[in-house]
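Note sheet for the following structure.
Just so it is clear: chains get the letters A, B, ... in the order the sequence lines come, proteins before strands, and each one is counted from 1. If you're wondering where the values come from, they're calculated on a predicted model, not measured in any experiment.
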Amino acid sequence: KIEKAKPIKCGTFGATSLQQRYLATGDFGGNLNIWNLEAPEIPVYSVKGHKEIINSIDGVGGLGIGEGAPEIVTGSRDGTVKVWDPRQKDTPVANMEPVQGESKRDCWTVAFGNAYNQEERVVCAGYDNGDIKLFDLKTMSLRWETNIKNGVCSVEFDRKDINMNKLVATSLEGKFHVFDMRTQHPTKGFASVSEKAQKSTIWQVRHLPQNRDIFMTSGGAGSLHLWKYEYPAQRSKKDSEGAEMGVAGSVSLLQNVTLSTQPISSLDWSPDKKGLCVCGAFDQTVRVLIVTKLNKV
Amino acid sequence: YLSLPLRGVRVTPANIFCADQYLKVSIPPFLFEAILYAPIDDTNSTAKIGNGIIFFTLYKKEVAMWDSLTLATANKEKLQYLRENAVLKAHEKAKEETKAKKVTKQEHKKYALEATMKLEEAERKRIEDLKEKERQKVTKELALWKKQQKDAEKQKRVQKEGELHQEVEQLKEEKKEKMNKTRIPNEGTSKTRLKPTKGHGSYSMFSENLKEEQLPAPRSAATIKINFTSRVFPTALRESRIAEEEEWLRKQAEARRTVSADLSEVEDLKEEEKNPDWLKDKGNKMFATGNYLAAVNAYNLAVRLNNKLPLLYLNRAACHLKLRNLHKAIEDSSKALELLTPPVPHNEHARVKAYVRRGTAFCQLELYTEGLQDYEAALKIDPKNKTIENDAEKIRHLIQGTMQDS
C-alpha cells in the first residue's frame, strides 16, 4: 500500500513498455507523476502540469500496442489538454488551451487514437459544456469539433493503434454517441449514431480489446450495459456536392446488469482473458466480472 | 420335530407364537398349546406350513432326550406363569430386534453419507488439479518469456559490441571485409548488418540510441488554441436543464431592460430600440467604425432606458475620449466606477478600463497627478498589464519634468 500527499484522480499504464510497467497518475493538485511501483517513494517523472485537478489521463505507445513515441495526455479542469513525453522534462509536447480571454471549461476526458504509425497521433477531448474536440498531433491543429448538448464524461476510440475507426463519447443524461471516424466530411464532420441507455450519467465506456465492435458502458445508477455496434451496408456515401460523407451504423444492447446503487465510475477489460473485466464504484468496492459467450456474439 | 395336523384352516405366521419353553398355535376356534419339557432355542426354530400340516423344527438348548414333549406336571398356576413369562420374553425380544434394526439402519445411512462425501471430494479435487495445472502452465510461460527477453537482450548487446568493434576496425583499416569476418563470433547476422552501416558512414552507430526499439524523438512543442462553445453557466451542460437555463437568462435580460421605461418618447421607438443591450451593441459597432457621435447617441438613449448598466457609461466614456470631450469622459468613467462598486473579480476588467480612461482624460487635461492616481489604481487591479505600467511611467516622468520646470 502506497500513499501520497495529494489524492490521485486517474492513472494509466498506456505509455510504458511491458518491462518497465510504470504507472502514470494525475492527481487533484494538477501534478502528473510517473511511478516505478517497485520504488514508489520518488516518481520517475514529475511535473506540475496543470493549475487544477487533472480529470483524465491516457497513454499511448507502450505495452507493445502501437508504434511511435510514448506519450501521455492529460485533461484538466483548467480547460487545457496537454500531451507529455516522459523523456522531455517540464514542458508538454503539445498544449491545447483556450484563446486569451476565453472563459475556460472543464475538460473531463481525453483519449488517444489513430496511432497507426510513428508520426500519426490524434487526441480527442471532451468538455463539460458538451464540446468534443479532435486534435491532430502531426499537424498540430484542431481537426474537428462538435457539441453533443450534454457534458461529455468519457471518450474512447475503439483501438488506439489503428487508423481511427470508431469513437464512442458518453455524456450526462444517459446518452452516448458512436462516431464513424473513417470518413470526415468537410462541413458535417463525422457521422454518428446516438443511443439513450438510461436516465443517469454514463460514466465510462470501454471497448473489448479482443473485439472492437463490443463495448461496455457504466452508469450512474450502478449498472453496466454491453453493446454491439453493427456497421451499415456502406460506410460512406456521396452527398449532394460529391463530398464523401460517413454513414453511421446501429447499436444494439446485448446485456445489462445492475451491480450497485452507486455510480460505477470506472471500468476496464483484461487484455489477456476475453470477457474478464473489473469495475470500481462509489460504494468503495472493486468488482471483478466475467462476461461469457462473447465468442458467439 | 413336531408336526401338527391342521384341519381346513389357514395358518399365518402371526398365529404361531413360540417362546423359550412354550409353543402355541391359535387359530380360532382351534388352539394348540404345548409347554415344553426343556427350553428350546426359539430364534433358530422354524415352522413350515404346508399341505394341511405345520411342521415345527425346534432346536433344543440342551441336547438331551426329552422324556416327553410336554411337561407332565401341569398345574394351572404354573401354566399361567409360564405363559405370561413367555409373552414377556417375546415382547422383549421384539424390542431388541427393533433396536437392532434401528442401529443397522443408522449405520447404513452413515455409510451412504460417507460414500457421497467421498465422491464430492473426488470431484473437487479434480477441479483443483485442473486449476493447478493452468496456474503452472501460465507461470512457466511467464518464466520462459522472461528468459527469452533476457537472452534477446544479451544477444543484442553482444551484437552491438560486435558492431562497435567492427566500426572501430573499419576506421582503422579502411574497410577490409576480411578483418570483420575473423573478429566477430556471430557471422551471419553481422554480415547483413555490415552492408547498411557501410553506407551510413562512421559515427552513426555510436550516436544512435542504445534503446532496443528506435523511438522517434519527442515532438517539438506546439500549442493549439481552441475556442469553446459559449456557455454562461459554470456548470456542465445538460439537455434537460436547457429550458430552465434559457428561462433564467431571458428573465435577467428582461429585468435589465425595464428599469426606467416611462418616457414619453418610448412609444416612438421601435421594439429593438427599447432594448438597452441592443443599443449598446449598436453603439459598439459605431465606435468600431469610428462614428463616435452616433455611438454617443446610442449610448445616451440606452442610458435613458436603463441607467444602471455600468458598461454603457464605460463605453460612452471611451467615445468622449475620442471626441476629446474630456470632462464628459471623466464624468462617465466616474459614473461607471460608482456602478461597479462591489469590487469583485467579475468586474475587474471593466474597472481597469474605467480607471485607464479616466486617467487618460486627466492627463489630456494636464491634471497629471490625478491621472497618475487612476493609472496606479488600474495597476493595482491588474498588475500584469504592461501597457498600463508603461503609461504610468510616462506620466511620472512628465510630472517630474513639470516639477523641475516650475
Side-chain angles (χ1 to χ4, degrees), chain A residues 17-19 61 67-71 79-88 91-106 108 118-119 121 123 125 127-131 133 135-138 140-142 145-153 171-173 175 199 201 272, chain B residues 131 134-135 137-139 141-142 145-154 156 209-246 345-350 352-353 382 384-387:
Chain A
S17 62
L18 280 169
Q19 282 98 331
E67 310 176 18
E71 282 176 343
T80 61
V81 173
K82 296 190 183 172
V83 181
W84 310 86
D85 190 312
R87 301 168 291 177
Q88 179 173 296
T91 46
V93 157
N95 181 2
M96 287 62 133
E97 60 180 10
V99 162
Q100 231 351 316
E102 177 95 19
S103 65
K104 56 187 177 57
R105 307 289 337 173
D106 280 10
W108 275 356
Q118 293 200 351
E119 290 94 32
R121 286 282 161 76
V123 167
Y127 298 82
D128 71 337
N129 64 348
D131 279 349
K133 296 188 194 293
F135 305 105
D136 187 334
L137 292 182
K138 183 165 148 195
M140 282 298 177
S141 63
L142 177 67
E145 59 181 346
T146 182
N147 185 303
I148 59 171
K149 307 277 184 302
N150 278 299
V152 182
C153 296
S171 71
L172 306 172
E173 315 258 308
K175 282 205 171 160
K199 289 222 181 95
T201 309
D272 305 308
Chain B
K131 278 193 200 162
E134 273 296 321
R135 235 174 274 156
K137 213 170 46 162
V138 174
T139 38
E141 277 177 15
L142 203 61
W145 179 81
K146 271 197 186 149
K147 227 183 109 209
Q148 275 180 0
Q149 295 291 90
K150 279 201 192 131
D151 286 344
E153 272 197 44
K154 270 196 209 149
K156 283 205 176 152
N209 309 14
L210 291 174
K211 285 196 189 150
E212 302 274 344
E213 308 89 39
Q214 299 196 12
L215 294 173
R219 278 174 221 278
S220 45
T223 312
I224 303 176
K225 295 283 185 190
I226 54 176
N227 286 311
F228 293 109
T229 315
S230 63
R231 183 164 164 76
V232 173
F233 302 92
T235 54
L237 177 64
R238 278 169 202 269
E239 261 185 317
S240 56
R241 291 285 170 83
I242 291 183
E244 283 176 42
E245 290 173 356
E246 299 275 292
H346 196 63
N347 52 22
E348 228 173 47
H349 214 60
V352 166
K353 280 195 208 153
D382 185 13
K384 298 188 201 129
N385 193 324
K386 285 289 168 192
T387 32

Can you tell me which portion of A/Lys149 sits under 4.5 Å from chain B's heavy atoms? Options are side chain, backbone, both or neither.
both
Considering only heavy atoms and a distance below 4.5 Å, find which of B/Thr235, B/Ile224, B/Asn227 pairs most often with chain A.
B/Ile224
Heavy-atom distance under 4.5 Å to chain B: side chain of A/Asn95, backbone, both or neither?
both
Proximity breakdown for A/Ser141 and chain B, heavy-atom pairs closer than 4.5 Å:
backbone
Could you grab the distance from atom OG of B/Ser240 to atom CD of B/Glu245, nearest 0.5 Å is fine?
9.0 Å
pair A/Asp131-A/Asn147: side-chain heavy atoms closer than 4.5 Å
yes
Kindly give the heavy-atom pair with the smallest separation between A/Ala125 and A/Phe135, and that separation in Å.
CB-CE1, 4.1 Å
For each of A/Pro86, A/Pro98, A/Gly130, A/Ala69, tally heavy-atom pairs with chain B at distances under 4.5 Å, and name the one with the top tally.
A/Pro98
Heaviest contributor of heavy-atom pairs below 4.5 Å to chain B, chosen from A/Gly79, A/Pro92, A/Ala94, A/Pro70, is A/Ala94
Would you please test A/Thr201 and A/Asn150 for side chain to side chain contact (heavy atoms under 4.5 Å, CB included) and show each step?
CA-CA 10 Å; A/Thr201 309; A/Asn150 278 299; over 6 Å; no
Just so I know, are the side chains of A/Val83 and A/Met96 near enough to count as touching, which here means a heavy-atom distance under 4.5 Å?
yes
Between A/Lys82 and chain B, which part of the residue has a heavy atom less than 4.5 Å away: side chain, backbone, both or neither?
neither
For chain B, find which of A/Glu97, A/Lys133, A/Met140, A/Glu71 contributes the most heavy-atom pairs closer than 4.5 angstrom.
A/Glu97
In Å and rounded to the nearest 0.5 Å, what is the NZ to OH distance from A/Lys104 to A/Tyr127?
12.5 Å
Quick check for you: among A/Asp106, A/Leu142, A/Leu137, A/Ile148, which has the greatest number of heavy-atom pairs under 4.5 Å with chain B?
A/Leu137
Heavy-atom distance under 4.5 Å between the side chains of A/Asp128 and A/Leu172, does that happen here?
no
Mind ranking B/Arg238, B/Lys225, B/Lys146 by heavy-atom pairs under 4.5 Å with chain A and telling me who comes out on top?
B/Arg238
